[in-house]
Structure formats: C-alpha cells, structure tokens
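Proteins come first, then strands; the chains are lettered A, B, ... in the order of their sequence lines, and each starts at number 1.
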Amino acid sequence: DTEVTQTPKHLVMGMTNKKSLKCEQHMGHRAMYWYKQKAKKPPELMFVYSYEKLSINESVPSRFSPECPNSSLLNLHLHALQPEDSALYLCASSQDWSGAQMDGYTFGSGTRLTVV
Amino acid sequence: ELKVEQNPLFLSMQEGKNYTIYCNYSTTSDRLYWYRQDPGKSLESLFVLLSNGAVKQEGRLMASLDTKARLSTLHITAAVHDLSATYFCAVGLGSQGNLIFGKGTKLSVKP
C-alpha cells in the first residue's frame with residue numbers, strides 16, 4: 001500500500017459545527033503532516049507529527065486541533081470554523097521527518113472543506 | 001526565513017515546444033521536490049532531488065538541482081496537452097520536515 005487515504009473527500013459545515021478530517025497511511029511512515037491549500041495558492045504547513053508527537057504547529061488557530069492516535073492515523077478536529085477556513089486540506093506522510101528518503105513525501109487526495 | 005520563488009507563474013506553450021521552469025530559494029537546503037497538481041486534485045510527486053548536481057528524468061520532464069546556486073529547473077521537452085497542470089517546487093527546511101512551496105507554475109499546452 002503506497003497511498004495516503006483521506007476522508008471525507010468533501011465536507012460542508014456550519015460555523016457552529018464540530019467535524020473531523022481523517023488521514024491514514026500503511027507505509028510505515030513515522031512523520032505525518034497537515035497542509036492547508038487555498039484556491040490558486042501553494043500548500044501551507046499546519047502541523048507536523050513525528051513518531052506520534054506534535055513537532056511543529058505553525059501558529060494555527062485553536063479551532064483546528066490535530067490528533068495522532070497511532071503511527072498510521074492522523075486526525076484534524078474542527079470546531080467553530082470561519083468561512084475563510086474553506087480550503088483543500090491535504091495530509092502527507094514521509095518515512096521520517098526530514099523526508100530525505102528517495103520516496104520523499106506522499107500526499108493524500110485531500111478534503112475539500114466549505115464553511116458556511 | 002526561507003523563500004522559494006518560481007518563474008514563470010503562468011506558461012502557455014504550444015505542443016512540441018520546449019521550455020524550462022525555474023525555482024530559486026533563499027537559504028541553504030539540499031532537498032528539493034517537484035510536484036504536479038491537476039485542478040481540484042492532490043499533489044503528485046514528480047521528482048525528489050537530494051544532492052547537488054542531481055538530475056532526474058521521467059518522460060518529457062527533466063529536473064535538476066544546483067545547491068550552490070540555490071536553483072532547480074524543470075525542463076519540458078516536446079510538450080503535449082497532457083502536461084497541462086500546475087507545477088510546484090518545494091524546498092525542505094532544516095531537519096524538521098517542513099516543506100516550503102513556491103507559488104506554482106500554471107502550465108497550459110495548446111495544440
């Protein structure tokens with residue numbers, strides 16, 4: 001299995017809702033990432049987990065809460081989002097947190113989130 | 001702060017022509033990645049460049065890395081319509097797994 005699987009693919013939520021994005025990989029990768037990509041912009045890093053511990057939080061608002069229950073799973077819990085949080089949320093993984101392996105980083109297909 | 005600059009940002013090519021996309025970055029790094037993104041889709045890994053002088057080729061695309069010049073190039077040979085997409089370069093920052101992306105080059109190949 002050489003894929004990163006993200007669910008759901010599309011999500012519409014109200015500003016008072018609580019929802020979660022899920023990401024799963026079975027490649028034995030020990031680093032997992034959340035990126036946010038607005039339309040026509042490059043991806044921007046939100047969080048890095050290395051060996052199931054949060055290593056980087058790029059000053060992301062607390063309405064986004066990451067969780068890494070085990071080495072294969074990464075969740076992003078969403079609460080009280082704003083319309084400007086609408087974006088494509090990408091999960092990625094790498095063999096280790098330098099990503100300096102020949103397979104680099106593997107990205108999932110993303111969750112397209114719309115906040116109404 | 002690491003900055004990654006791609007140019008051009010928009011590229012309209014005719015089929016059969018050659019062109020090069022440039023990726024400059026501002027601080028030392030020996031990890032450079034190229035990705036392709038189709039509209040509404042995720043990022044597809046094209047090349048992983050991990051050392052100075054690295055050159056990799058896949059089909060009509062060839063990527064190179066010059067860490068001394070802090071420059072990577074993505075060369076397109078005899079473009080075909082199927083290559084139409086947005087191409088991102090991304091530079092690895094330090095040892096913490098952070099990727100800094102360029103703004104992307106939107107490539108349109110016309111018959």
Would you mind checking which part of A/Q37 comes under 4.5 Å of any heavy atom in chain B, side chain (CB onward), backbone (N, CA, C, O), both or neither?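 Answer is side chain: those atoms of A/Q37 sit under 4.5 Å from chain B.
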
A/E44 versus chain B, heavy atoms under 4.5 Å apart: side chain, backbone, both or neither?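 Neither part.
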
Check this for me, if you would: do A/R30 and A/E52 make a salt bridge, where the nitrogen-to-carboxylate-oxygen distance has to be below 4.0 angstrom?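 Salt bridge present between A/R30 and A/E52.
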
Checking heavy atoms, do the side chain of B/I100, its backbone, both or neither come under 4.5 Å from chain A?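 The answer is neither part of B/I100.
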
Under 4.5 Å from a heavy atom of chain A, the part of B/E44 involved: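 It is neither, since no heavy atom gets under 4.5 Å.
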
Aromatic ring proximity B/Y35/A/F107, centre distance under 6.0 Å: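 When the ring centroids of B/Y35 and A/F107 are compared, they turn out to be within the sub-6.0 Å range.
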
Among A/Y49, A/Y105, A/Y89, A/F47, find the one that has a ring pair (Phe, Tyr, Trp, His ring centres under 6.0 Å) with A/Y33.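 Testing A/Y33 for a ring pair (Phe, Tyr, Trp, His ring centres under 6.0 Å) against A/Y49, A/Y105, A/Y89, A/F47 leaves exactly one candidate, A/Y105.
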
Looking at every heavy atom in both B/G104 and B/L9, which two are closest together, and how far apart are they?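 Heavy-atom minimum between the residues: O-CD2, 3.5 Å.
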
Would you check if B/T73 and B/W34 make a side-chain contact, meaning some heavy-atom pair closer than 4.5 Å?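 Result no, sub-4.5 Å side-chain heavy-atom pair not found.
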
For the candidates A/A39, A/P43, A/A92, which exhibits the highest count of non-hydrogen atom pairs separated by less than 4.5 Å from chain B?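 Heavy-atom pair counts peak at A/P43.
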
